[in-house]
Amino acid sequence: MFQVPLITLLSIGVLWKGIDLTRAPHDRVLRFLVAALVMLLGGEVLSLPKVNGAIDAAATVGVGKVAFNGIYAAGLFALTLFFASSVRKTDAAHRRQIRINVGLLVGILIALTASMIATPAALRGHSLGTPHMAEPPIASFYIIGNAYFIYAYLTSALWALRYARRASRYLGPGLWTMASGLLGLAITSVNRTILVALRIDEPQSHEAFNTVNWSMSNWAMGIVLTGICYSACVQLTTRLWSAIHHRRMHQELAPLWTVLTNAYPELVLNQTPAGSKWRRLRRRGSDEQRFYRRLIECRDGLVRLSPYLARVAPDADLVSGPADRLAQHITEALALKPLTESPHTELSATRVASPAGSDLGADARELISISRALRERKS
């Protein structure tokens, strides 16, 4: 029911977070997230009957089922480590967490493979509705697989609940919704384990229970998708707003930045990176990074220009004076500054346009007001 939408969402997630990973390849948490998305996407694709049947036809019956369960379990393994790695902990604790989960995953993969190998060749195309559930290898295949799913769903749900309690009011609802869906999936995995036990003695019995459980599984997956979509929309909206906001401030600093970097071109930090076109694209900063680089360059330029500001306006309040007066003094100081400064000339810097607060936002507002005043003087 939700398979195609889930594959679509996972594909978008792989592309979106994959691009982020190329820009931050050493981000451990992001690596686990991308790995989880890739593995879960692969598992969902392998669960398609035509894909699963093609694998069995190319190899042997049962390989597709083992591949699907193995890759999907690996995706849940990466998802669990994504949540666990998002919490600050010592390297020893992190390595212990990885060892435990790797051990569980390897054990599950070995057990599923061994169960399929031990299953008679004629019965390896089994499903949950098989009349041969009393066969120990078949029953163990489903019990072992669902036991790991219960662990992975439940662990991820508990981590999501933990983050939901500390998240902002914008991200919290998505995490609560996702956790509810994961808890629902854990319950349906418990139900499938119970169904296997019931069908050992009564093959193909309790069909109504199975139908209800599949419906619960679909709804739980739908709830997870809703939580994912909500969280993704919040993150996308926040990112777009941040990009627009920082791009606008970047542009508003342009008049001040232009006059200062014309006087001191060596201040420019964002030189064009060398290398291939893809490397240049990967290293290109975000709107936020480009804004902060421009902010730093403007502040450095004012420090370099401050000795001349002190000369043209010795009695002016350069620290907290009005923006239009500072813009006038900057224009006069730039006219006074020689084209080439002697390296032997001793220049004493002074404070200019100090912000009212100590954060970067206050500094940005102070410099933007001066930049606006410069633009008005030119217009």
Side-chain angles (χ1 to χ4, degrees), residues 3 39-40 42-80 99-157 182-218 220-221:
Q3 200 169 36
M39 292 294 183
L40 292 175
E44 290 298 328
V45 171
L46 286 176
S47 70
L48 295 171
K50 289 185 178 180
V51 176
N52 204 278
I55 294 174
D56 283 349
T60 185
V61 176
V63 173
K65 187 177 292 294
V66 173
F68 155 68
N69 282 276
I71 292 178
Y72 195 81
L76 293 178
F77 153 82
L79 182 64
T80 301
R99 283 197 300 269
I100 291 171
N101 282 278
V102 167
L104 284 172
L105 179 63
V106 171
I108 289 297
L109 296 179
I110 292 173
L112 292 177
T113 303
S115 296
M116 186 60 72
I117 292 173
T119 302
L123 304 180
R124 288 177 183 170
H126 57 73
S127 67
L128 200 58
T130 181
H132 307 288
M133 193 62 76
E135 293 285 336
I138 297 178
S140 64
F141 185 91
Y142 291 102
I143 291 174
I144 292 170
N146 280 291
Y148 184 77
F149 290 160
I150 292 168
Y151 161 77
Y153 286 137
L154 188 59
T155 303
S156 298
L182 289 169
L183 287 172
L185 289 172
I187 292 171
T188 60
S189 296
V190 172
N191 290 342
R192 281 195 296 274
T193 306
I194 294 172
L195 183 64
V196 169
L198 292 173
R199 285 185 167 177
I200 290 175
D201 293 327
E202 301 177 57
Q204 296 179 298
S205 61
H206 301 85
E207 192 56 40
F209 176 68
N210 187 38
T211 301
V212 171
N213 194 55
W214 275 114
S215 179
M216 286 178 58
S217 180
N218 284 334
M221 184 58 72

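Please read these numbers as outputs of a predicted model, since none were measured by experiment.
- One side chain, Asn210 or Trp214, offers a donor N or O that lies under 3.5 Å from an acceptor on the other.
- Across every non-hydrogen atom of Ile144 and Ala111, the tightest pair is CD1-CB, 3.7 Å.
- One distance of note links CG of Leu79 with CG of Leu40; it measures 6.5 Å at 0.5 Å rounding.
- Closest of all the heavy-atom pairs between Glu135 and Leu123 is CG-CD1, 4.0 Å.
- Residues meeting the side chain to side chain donor-acceptor pair (under 3.5 Å) test with Ser140, sequence neighbours left out: Ser115.
- Judged by distance alone, with hydrogens and angles left aside, the side-chain atoms of Asp56 form a donor-acceptor pair with the main-chain N or O of Gly64 at under 3.5 Å.
- Interatomic distance, Ile187 CD1 to Met216 CE, rounded to the nearest 0.5 Å: 5.5 Å.
- Atoms CD1 and CG, from Ile150 and Leu185 in turn, are 11.5 Å apart once rounded to the nearest 0.5 Å.
- Taking both residues in full, the closest heavy atoms of Ile200 and Ala139 are given as CD1-CB, 4.1 Å, listed atom of the first, atom of the second, then distance.
- Annotation: side chain of Tyr148 is not in contact with side chain of Leu112 (no heavy-atom distance under 4.5 Å).
- Pro120 has its side chain out of reach of His132: every pair of non-hydrogen atoms, C-beta onward, lies at least 4.5 Å apart.
- With hydrogens and angles left out, the side-chain atoms of Tyr151 and Asn101 include a donor and acceptor closer than 3.5 Å.
- No side-chain heavy atom of Leu76 sits less than 4.5 Å from a side-chain heavy atom of Met39.
- For the pair Lys65 and Arg124, the minimum side-chain heavy-atom distance is 4.5 Å or more.
- Under the 4.5 Å side-chain criterion, counting only non-hydrogen atoms from C-beta, Gln204 is in contact with Pro131.
- A distance of 10.5 Å separates CD1 in Ile108 from OG1 in Thr113, rounded to the nearest 0.5 Å.
- Shown are Leu182, Thr80, Val190, Thr188; of these, the side-chain contact (heavy atoms from CB on, under 4.5 Å) with Tyr153 is made only by Leu182.
- Each of Phe77, Tyr142, Tyr72 was scored for a ring pair (Phe, Tyr, Trp, His ring centres under 6.0 Å) with Phe149, with one residue passing: Tyr72.
- Annotation: the span from Ile143 atom CD1 to Ile194 atom CD1 amounts to 11.0 Å, rounded to 0.5 Å.
- Of all the heavy atoms in Gly184 and Ala220, the pair that sits closest is C-CB, 3.8 Å.
- Here the rule is side-chain contact (heavy atoms from CB on, under 4.5 Å) with Met116, and of Val63, Val61, Val66, Ile138 only Val66 fits it.
- The side-chain heavy atoms of Asn213 and Leu195, taken from C-beta on, include no pair separated by under 4.5 Å.
- For Ser47, the side chain to side chain donor-acceptor pair (under 3.5 Å) criterion is met by Gln3, not counting sequence neighbours.
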